[in-house]
Amino acid sequence: MLVDKPKIDLGVNIDHIAVLREARKINDPDPLMALAICAQSGADQITIHLREDRRHIHDDDARRIISSSPIPVNLECAIDPDIITIVTALNPHRATLVPEKRAEVTTEGGLDVMGSYDAILNTINILKDSEIEISLFIDPTIQAVELSKKLGAQWVELHTGTYANLYAMRYSALPHSHHAIDELRATRGELDVQLQKALNDIKIAADHAHSIGLKVAAGHGLNYHNVTAIVSMNNITELNIGQSIIARSIFTGLGSAVKEMKSLCQR
Ligand code: PXP
């Protein structure tokens, strides 16, 4: 008998469209056009990050995207009172709280849920007065999952960056990564062990989160090669993917890039 596996939704992160625009500081390419193409091509959600330094998405982008999107918008943001005031006014479908450092190229890891417990709680208490769903971007550990539940989040998004970096090091001998593990001169055999552990950590965290009533997303560094192992984890119900889709879209067009990723998200 065929049993339907729970489907996995695809959230497309379109920050990189704004990164390209900001390279010239003009109005082209417009993230709003990307939203329309992603929605037409099967994306289930749009993800954008309103950074404190506004290096890509601006307040006006967020406002236009949230007010006109035909699909839910997941707004990533820092635990910062000024940003949270803006987020509350924008009223996206979901807010994903992420750690943010000015100097980083991209989000480098999950929230320090233990160390920032009170700050996260204050932020959640503000957001709870709105209709906005709350997600915490966390490292795949049982402790971070447990604390997220205690804090009252509805969602966790598990950080897949460590897995993605190990995958890149194992299969393409990528000499750089934004994680400290690039210091490590590991053999392929050692990388296989670390890769398996990184996957197990994600699966254990996802299963535990699901078992205590949290909805589970995952993302960071996922691409057309490494996504399959994550898709096979049944308790993960959503992936947020940006860089690899936008990179591919340069060669194939955004619609094809989204459709291709969506087809890899079928279980
Ligand atoms: N999820 C979160 C919380 C992120 O911060 C990012 C990057 O902005 C992504 C997913 C997407 O990561 P990537 O661009 O590597 O696919």
Side-chain angles (χ1 to χ4, degrees), residues 8-20 22 31 34 38 43-57 61-62 65 72-80 83 87 92-102 104-113 120 133-140 144 148 153 155-168 174 176-179 198 202 205-206 215-227 230-231 236-250 254 257-258 260-262 264-265:
I8 189 155
D9 284 341
L10 175 63
V12 180
N13 181 317
I14 56 171
D15 291 345
H16 283 83
I17 303 291
V19 168
L20 191 55
E22 291 306 301
C38 290
D44 301 287
Q45 172 172 273
I46 283 296
T47 294
I48 49 175
H49 186 170
L50 187 67
R51 281 188 166 265
E52 288 177 270
D53 62 10
R54 309 298 198 275
R55 68 170 73 150
H56 41 52
I57 293 291
D61 295 321
I65 288 168
V73 178
N74 170 31
L75 185 56
E76 296 176 8
C77 55
I79 312 155
D80 171 86
I83 287 282
V87 169
H93 190 263
R94 191 186 313 161
T96 297
L97 304 182
V98 300
E100 207 176 290
K101 293 186 215 140
R102 286 280 161 109
E104 69 192 356
V105 175
T106 180
T107 317
E108 286 172 349
L111 289 162
D112 175 7
V113 195
I120 298 173
E133 283 183 333
I134 300 161
S135 179
L136 301 183
F137 185 52
I138 58 169
D139 290 323
S148 301
W155 282 84
V156 285
E157 179 172 338
L158 301 175
H159 178 243
T160 51
T162 303
Y163 159 68
N165 281 319
L166 285 163
Y167 193 102
L174 203 70
H176 64 274
S177 108
H178 50 265
H179 284 273
I202 296 168
K215 291 183 237 180
V216 188
H220 212 282
L222 297 179
N223 63 32
Y224 296 83
H225 305 286
N226 65 22
V227 76
I230 303 295
V231 170
I236 295 179
T237 59
E238 176 191 294
L239 300 179
N240 287 302
I241 307 181
Q243 162 80 27
S244 62
I245 294 176
I246 305 304
R248 182 159 296 203
S249 78
I250 293 170
L254 184 55
V258 171
E260 213 181 322
M261 186 59 85
K262 183 72 189 165
L264 292 174
C265 290

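Whatever order the structure lists ligands and atoms in, that order sets their numbers, starting from 1.
Using a 4.0 Å cut-off between charged nitrogen and carboxylate oxygen, R94 and E157 do not count as a salt-bridge pair. Under the 4.0 Å criterion applied to side-chain N and carboxylate O atoms, R55 and D53 are assigned as salt-bridge partners.
Rounding to the nearest 0.5 angstrom, the gap separating the CD1 atom in I138 from the CG atom in L97 is 11.5 Å.
A side chain to side chain donor-acceptor pair (under 3.5 Å) with Q45 is found for one member of N240, N13, D9 and no other, namely N240.
Residues passing the side chain to side chain donor-acceptor pair (under 3.5 Å) test with E76 are H49, sequence neighbours excluded. Checked against side chain to side chain donor-acceptor pair (under 3.5 Å), T96 has the following partners two or more places apart in sequence or in another chain: N74.
For ligand 1, the polar-atom distance check finds an N/O of E157 within less than 3.5 Å of one of the ligand's N/O atoms. For the pair H49 and ligand 1, the shortest N or O to N or O distance does not fall below 3.5 Å. The shortest N or O to N or O distance between G219 and ligand 1 is not under 3.5 Å. For ligand 1, the polar-atom distance check finds an N/O of N13 within less than 3.5 Å of one of the ligand's N/O atoms.
Contact annotation: the side chain of D15 approaches that of I48 to within less than 4.5 Å [non-hydrogen atoms, C-beta and beyond].
Ring pair H220/H159 is tilted by interplanar angle, where 30° to 60° counts as tilted.
Below 4.0 Å from some heavy atom of N240 lie the following atoms of ligand 1, by number and element: 10 (C), 11 (C). Proximity to G221 (heavy-atom distance under 4.0 Å) selects the following atoms of ligand 1: 12 (O), 13 (P), 15 (O), 16 (O). Proximity to V98 (heavy-atom distance under 4.0 Å) selects the following atoms of ligand 1: 3 (C). The contact set between ligand 1 and F137, taken as ligand atoms under 4.0 Å from a residue heavy atom, comprises 3 (C).
In terms of protein heavy-atom proximity, atom 4 (C) of ligand 1 is nearest to E76 OE2, 3.2 Å. Protein heavy atom nearest atom 14 (O) of ligand 1, with residue, atom name and distance: Q243 N, 2.9 Å. Residue, atom and distance of the protein heavy atom nearest to atom 16 (O) of ligand 1 are G242 N, 2.8 Å.
For the ligand labelled ligand 1, residue S244 lies outside the 4.0 Å heavy-atom shell.
Considering each of H16, H220, E100, H159, the one bringing a non-hydrogen atom nearest atom 6 (C) of ligand 1 is H220.
A donor-acceptor contact shorter than 3.5 Å links the side chain of N226 to the backbone of G221.
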